Trainee: 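Below are the C-alpha cells for one structure; questions will follow.
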Amino acid sequence: MAENKARRKRGSDKRANGIRKPTAARRHVLIAGSGIAGLSLALALARACPAQLTVTVCDPALPAPGMPDARADDERAYAVAAAGRRMFEALGIWPQVAGEAQPMRDMVITDSHLADPVRPAFLNFDGEIAPGEAFAHMVPARALLAALLPACRDAGVDLRGVAVRRFSADTAGGTAMLSDGETLPVNLCVAADGAKSRLREAAGIGWVGWSYPQVGIVGTIGHERDHRGRAIEHFLPSGPFALLPLAPGGRLGHRSSIVWTERRDIARTLLAREHGEIHDEVARRFGLELGAIALETPLRAFPLSFGIAREFAATRLALIGDAAHVIHPIAGQGLNLGLKDVAALAECIADATRLGMDPGGADVLAGYSRARRFDTVAMAAVTDGLNRLFSNDIEPIRMLRDFGLGLVESLPPLKRYFIREASGLRGAGPRLLRGERL
C-alpha cells in the first residue's frame with residue numbers, strides 16, 4: 001500500500017500543473033515537424049544518446065498509434081544524394097528503403113527550344129562516384145516516411161499528433177505549449193515545420209526571399225522503354241524539364257518522375273485542359289526516347305520561391321530543412337540541404353551532450369550555424385543563378401551557357417568536381433554524411 005501510494009505521488013509530481021518534467025539525468029529535445037528532416041533528426045539523437053536525451057516529435061500530421069499514415073499516398077519522389085544515402089545507412093533504415101530506390105547511373109543535360117526536332121546533349125555525367133555507388137537515388141517520399149516512423153518508435157522517440165503552439169526560452173531553459181494544452185520543459189526546440197515556420201516567425205528571425213514567376217509541376221510518368229537509370233534535364237525557355245528515373249512498375253513497366261518548371265500563366269492554362277491534352281503537352285517535353293508514355297498520377301503544381309532565414313538559431317531554438325531555407329528545384333538539392341542540417345545539428349548536440357553540456361546552449365547552436373550557413377547560402381545562390389541563366393530565350397545568353405556546358409563536357413576533372421558536389425561528399429562533412437554513426 002505504502003509503495004503504491006509513493007508511486008502515485010511521484011507520477012502526480014511529474015504532471016503537476018500540466019508540466020511533464022524530464023529526469024535530472026536527461027535533457028529534452030523537442031522537434032516540431034514530422035517530415036523527413038524532423039524524423040531523421042529525432043532518430044539520430046535517440047540512437048546516439050539514449051541515456052542522456054529524451055526526444056519528442058510534435059506534428060498534427062502524425063498518425064495515432066496503430067493508424068495508417070495519411071501521407072502514405074504521397075507520390076512525390078526525392079533525389080537522395082550519396083551523402084544522404086550514407087546517413088540513412090548509418091541510421092539503419094536504408095535496407096527498408098533500398099527496394100524502392102532507383103540509382104541514377106548517369107545524367108544528360110540538353111538546351112533547346114520546345115519545337116526543336118533534335119535535342120543535342122551538351123553535357124553528360126557519369127552517375128557513379130565510386131564503383132557501384134551512384135551519386136544519387138530516386139526514393140519515394142512515402143518509403144522514407146514508412147521506414148522512419150517505426151524506427152523512431154523503436155528508438156523511444158515520443159511521437160505526438162499535436163502542434164507546438166508556443167515556445168519561450170531564456171538562458172536557463174525553454175517551455176513549449178502544445179495544442180492539447182500540455183506544457184513541456186525543453187532544453188532545445190527544433191523548428192522543422194516548413195517554409196512558413198510559425199516558430200521561426202515567433203522567434204523574430206528574419207527571412208530573405210522572393211517568389212519566382214514559375215511553378216513546379218510534378219507527377220509520375222509511365223513509359224515503354226527502360227530508362228536504364230538515366231536522368232535527363234531539358235533546359236527549355238520557360239524553365240527546366242527534368243526526367244528522373246524511378247524503380248520499375250506501373251502500367252507500362254517503367255516509370256520516371258517529372259519536375260517541370262513552367263511560367264505561372266502557361267501552367268494555369270495547361271493544367272486546366274482535358275486529360276488527353278495534358279498528356280500531349282507532357283509528351284512534347286518528354287521526347288520519344290522512352291517510347292509511348294502514360295500519366296501514372298495527376299500532375300500537381302506548386303509555387304516556386306527562394307528564401308533563407310537570417311539566422312539558423314535563436315535562444316534554445318534551431319531551424320532545419322525548409323524552416324531554414326527554400327531553394328529552386330533545378331538541382332534537386334532541397335531535401336539534401338535539409339539532411340545536411342540534420343547531420344550537422346545531430347553531431348553538435350550529441351558531442352555536447354556526451355561532454356555534459358547543455359544541448360540547447362548558445363555555444364552549441366553557434367557551432368551548428370557556422371557549420372551550415374556558408375554551404376546553404378552558396379547552394380541557394382547557385383540554384384537561383386542557374387534558374388535565371390537557363391529560364392530564358394535570349395540568344396546571346398543561350399550561346400554563352402551552351403559554350404559553358406561544352407567547356408565543362410571537355411574537362412573531365414571539372415565534371416568529377418560537379419558530380420562530387422552533387423553527391424554531397426565534397427569535403428569532410430558531418431560523420432553521418434560519411435556513413436559513420438554518431
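Keep in mind that this is a model prediction, so the values were computed, not measured.
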Trainee: Using side chain to side chain contact (heavy atoms under 4.5 Å, CB included), reason through T261 and I330 one step at a time and then give a plain yes or no.
Mentor: CA-CA 8 Å; T261 302; I330 191 169; over 6 Å; no
Trainee: Is there a donor-acceptor pair under 3.5 Å between the side chain of R225 and the backbone N or O of E289?
Mentor: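 Flag set: sc R225 to bb E289 pair under 3.5 Å.
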Trainee: Nearest 0.5 Å please: distance from the CZ atom of R316 over to the SG atom of C189.
Mentor: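 Between R316 CZ and C189 SG, I get 11.5 Å after rounding to 0.5 Å.
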Trainee: Has the side chain of N124 got a donor or acceptor atom that lies under 3.5 Å from a matching backbone atom of V108?
Mentor: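 Looks like no, no N/O pair under 3.5 Å.
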Trainee: Please check: side-chain N/O of D341 versus main-chain N/O of G321, any donor-acceptor pairing under 3.5 Å?
Mentor: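 The answer is yes, because a donor-acceptor pair under 3.5 Å joins these two groups.
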Trainee: Indicate the atoms forming the closest heavy-atom contact of M138 with A77, along with that distance.
Mentor: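 What the structure gives for the nearest pair is CE-CB, 3.7 Å.
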Trainee: Can you measure from OG (S423) to CZ (R85) and round to the nearest 0.5 angstrom?
Mentor: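 If I round to the nearest 0.5 Å, the distance is 10.0 Å.
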Trainee: Before we go on, tell me: are the rings of H328 and Y212 under 6.0 Å apart, centre to centre?
Mentor: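 Yes, ring centres under 6.0 Å apart.
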Trainee: Going through the checks in order, is the salt bridge (charged side-chain N to carboxylate O under 4.0 Å, His left out) test met by E133 and R86?
Mentor: CA-CA 10 Å; E133 183 176 13; R86 291 184 180 186; 2.9 Å; yes
Trainee: Are the side chain of H234 and the backbone of D111 linked by a donor-acceptor contact shorter than 3.5 Å?
Mentor: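 The answer is no, because no donor-acceptor pair under 3.5 Å joins these two groups.
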Trainee: Are side-chain heavy atoms of L144 and F88 found at a separation under 4.5 Å?
Mentor: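 Counting from C-beta outward, L144 and F88 do come under 4.5 Å.
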Trainee: One thing to verify: whether E281 and R273 come together as a salt bridge, which I'm taking to mean a side-chain N less than 4.0 angstrom from a carboxylate O.
Mentor: yes
Trainee: Taking atom types as modelled and ignoring hydrogens, do the side chains of T353 and Q52 form a donor-acceptor contact shorter than 3.5 angstrom?
Mentor: no
Trainee: Out of curiosity, L290 CG to D226 CG, how far, rounded to the nearest 0.5 Å?
Mentor: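 One finds 8.5 Å between CG of L290 and CG of D226.
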Trainee: Can you find a pair of side-chain heavy atoms, one from I278 and one from L299, that are under 4.5 Å apart?
Mentor: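 Sidechains of L299 and I278: in contact.
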Trainee: Between D158 and R160, does any side-chain N to carboxylate O distance fall below 4.0 Å?
Mentor: yes
Trainee: Taking the side chain as every heavy atom from C-beta outward, state whether L199 and S197 have any pair of such atoms under 4.5 Å apart.
Mentor: yes
Trainee: Return yes if some donor-acceptor pair links the side-chain N/O of Y417 with the main-chain N/O of P412 below 3.5 Å, else return no.
Mentor: no
Trainee: Under the criterion side chain to side chain contact (heavy atoms under 4.5 Å, CB included), I'd like the reasoning laid out for V186 against F167: C-alpha separation, chi angles, the key distance, then a yes or no.
Mentor: CA-CA 9 Å; V186 298; F167 176 70; 3.4 Å; yes
Trainee: How about S34 and R71: does a side-chain donor come under 3.5 Å of a side-chain acceptor?
Mentor: yes
Trainee: Taking the side chain as everything from C-beta on, heavy atoms only, tell me whether R437 gets closer than 4.5 Å to R47.
Mentor: no
Trainee: Any side-chain donor-acceptor pair under 3.5 Å between E233 and T110?
Mentor: no
Trainee: Ignoring hydrogens, what is the shortest heavy-atom contact between M104 and P245? Give both atom names and the distance.
Mentor: CG-CG, 4.1 Å
Trainee: Any salt bridge between E100 and R142, counting N to O under 4.0 Å?
Mentor: yes
Trainee: I need the minimum non-hydrogen distance between V97 and A143, along with the two atoms involved.
Mentor: CG2-O, 3.9 Å
Trainee: Do R373 and F312 form a cation-pi contact, if we require the NZ or CZ to be under 6.0 Å from the six-membered ring centre and within 45 degrees of the ring's axis?
Mentor: yes
Trainee: Can you confirm whether more than 12 heavy atoms, excluding those of R300, are under 6.0 Å from its CZ atom?
Mentor: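 12 or below, so no.
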Trainee: Sub-3.5 Å donor-acceptor pair from the side chain of R434 to the main-chain atoms of G429, do we have one?
Mentor: yes
Trainee: Who are the side chain to side chain donor-acceptor pair (under 3.5 Å) partners of D126, not counting sequence neighbours?
Mentor: none
Trainee: Could you check if a side-chain atom of V408 sits within less than 4.5 angstrom of a side-chain atom of K415, using non-hydrogen atoms only?
Mentor: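 Sidechains of K415 and V408: in contact.
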Trainee: Are the charged groups of D375 and K340 less than 4.0 angstrom apart, N to O?
Mentor: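 Between K340 and D375 there is a salt bridge, with a charged N closer than 4.0 Å to a carboxylate O.
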Trainee: If you define the side chain from C-beta out and look only at heavy atoms, does anything of T183 sit under 4.5 Å from L178?
Mentor: no
Trainee: Inspect the contact between R431 and D351 and indicate whether a charged nitrogen and a carboxylate oxygen are less than 4.0 angstrom apart.
Mentor: yes
Trainee: Could you measure the distance from the OG atom of S256 to the NE2 atom of H227? Nearest 0.5 Å is fine.
Mentor: 4.5 Å
Trainee: Counting distance only, does the side-chain N/O of R420 pair as donor-acceptor with the main-chain N or O of R426 below 3.5 Å?
Mentor: no
Trainee: Look at atom CZ of R228 and say whether more than 12 heavy atoms of other residues, nucleotides or ligands are closer to it than 6.0 Å.
Mentor: no
Trainee: Can you tell me if T376 uses its side chain to pair, donor with acceptor, with the backbone of R372 under 3.5 Å?
Mentor: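 Yes, because the side chain of T376 sits within donor-acceptor range (under 3.5 Å) of the backbone of R372.
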Trainee: Would you name the heavy atoms of A309 and I205 that are closest together and state the gap between them?
Mentor: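 For A309 versus I205, the nearest heavy atoms are CB-CG2, 4.1 Å.
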Trainee: H254 vs H223 aromatic rings, parallel, tilted or perpendicular, using cut-offs 30° and 60°?
Mentor: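 Parallel: the ring planes of H254 and H223 meet at under 30°.
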Trainee: Does the pair L405 and F403 meet the rule for a side chain to side chain contact (heavy atoms under 4.5 Å, CB included), with working shown?
Mentor: CA-CA 5 Å; L405 290 173; F403 172 77; over 6 Å; no
Trainee: Which distance, rounded to the nearest 0.5 Å, do you find between the CH2 of W260 and the CZ of F241?
Mentor: 6.5 Å
Trainee: Please report the shortest heavy-atom distance between L319 and A323, naming the atom on each side.
Mentor: CD1-O, 3.7 Å
Trainee: Would you call R284 and D280 a salt bridge, using N to O less than 4.0 angstrom?
Mentor: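 So R284 does not pair with D280 through a salt bridge.
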Trainee: Under the side chain to side chain donor-acceptor pair (under 3.5 Å) test, which residues partner R255, sequence neighbours left out?
Mentor: none
Trainee: Is atom CZ of F374 surrounded by more than 12 heavy atoms (other residues, nucleotides or ligands) closer than 6.0 Å?
Mentor: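 No, because the 6.0 Å sphere around CZ of F374 holds 12 heavy atoms or fewer from other groups.
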Trainee: If you define the side chain from C-beta out and look only at heavy atoms, does anything of F125 sit under 4.5 Å from I109?
Mentor: yes
Trainee: With no hydrogens and no angle check, is any side-chain donor or acceptor of R416 less than 3.5 Å from a backbone partner on L411?
Mentor: no
Trainee: Is it true that a side-chain atom of N187 and a backbone atom of P359 form a donor plus acceptor pair closer than 3.5 Å?
Mentor: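 Not confirmed, N187 side chain does not pair with P359 backbone.
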Trainee: On a heavy-atom basis, which atom in T220 and which in T297 lie closest, and how many Å separate them?
Mentor: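 Smallest heavy-atom distance, with atoms named: N-OG1, 2.9 Å.
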Trainee: What verdict does the ring-ring contact (aromatic ring centres under 6.0 Å, His included) test give for W207 and H325, after you've listed the backbone C-alpha separation in whole Å, the side-chain angles of each residue and the deciding distance to 0.1 Å?
Mentor: CA-CA 9 Å; W207 184 257; H325 42 70; 8.5 Å; no
Trainee: Would you call E262 and R268 a salt bridge, taking side-chain N to carboxylate O under 4.0 Å as the test?
Mentor: no
Trainee: For the pair T383 and N387, evaluate side chain to side chain contact (heavy atoms under 4.5 Å, CB included) and give the outcome as yes or no after the intermediate values.
Mentor: CA-CA 6 Å; T383 56; N387 181 55; over 6 Å; no
Trainee: Could you measure the distance from the OG1 atom of T54 to the CG atom of L184? Nearest 0.5 Å is fine.
Mentor: 9.0 Å
Trainee: Taking C-beta and beyond as the side chain, do E347 and E436 meet within less than 4.5 Å on heavy atoms?
Mentor: no
Trainee: Is it the case that the ring center of W94 lies less than 6.0 angstrom away from the ring center of H137?
Mentor: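 They qualify: ring centres under 6.0 Å apart.
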Trainee: More than 12 heavy atoms of other residues, nucleotides or ligands under 6.0 Å from CD of E421: is that the case?
Mentor: yes
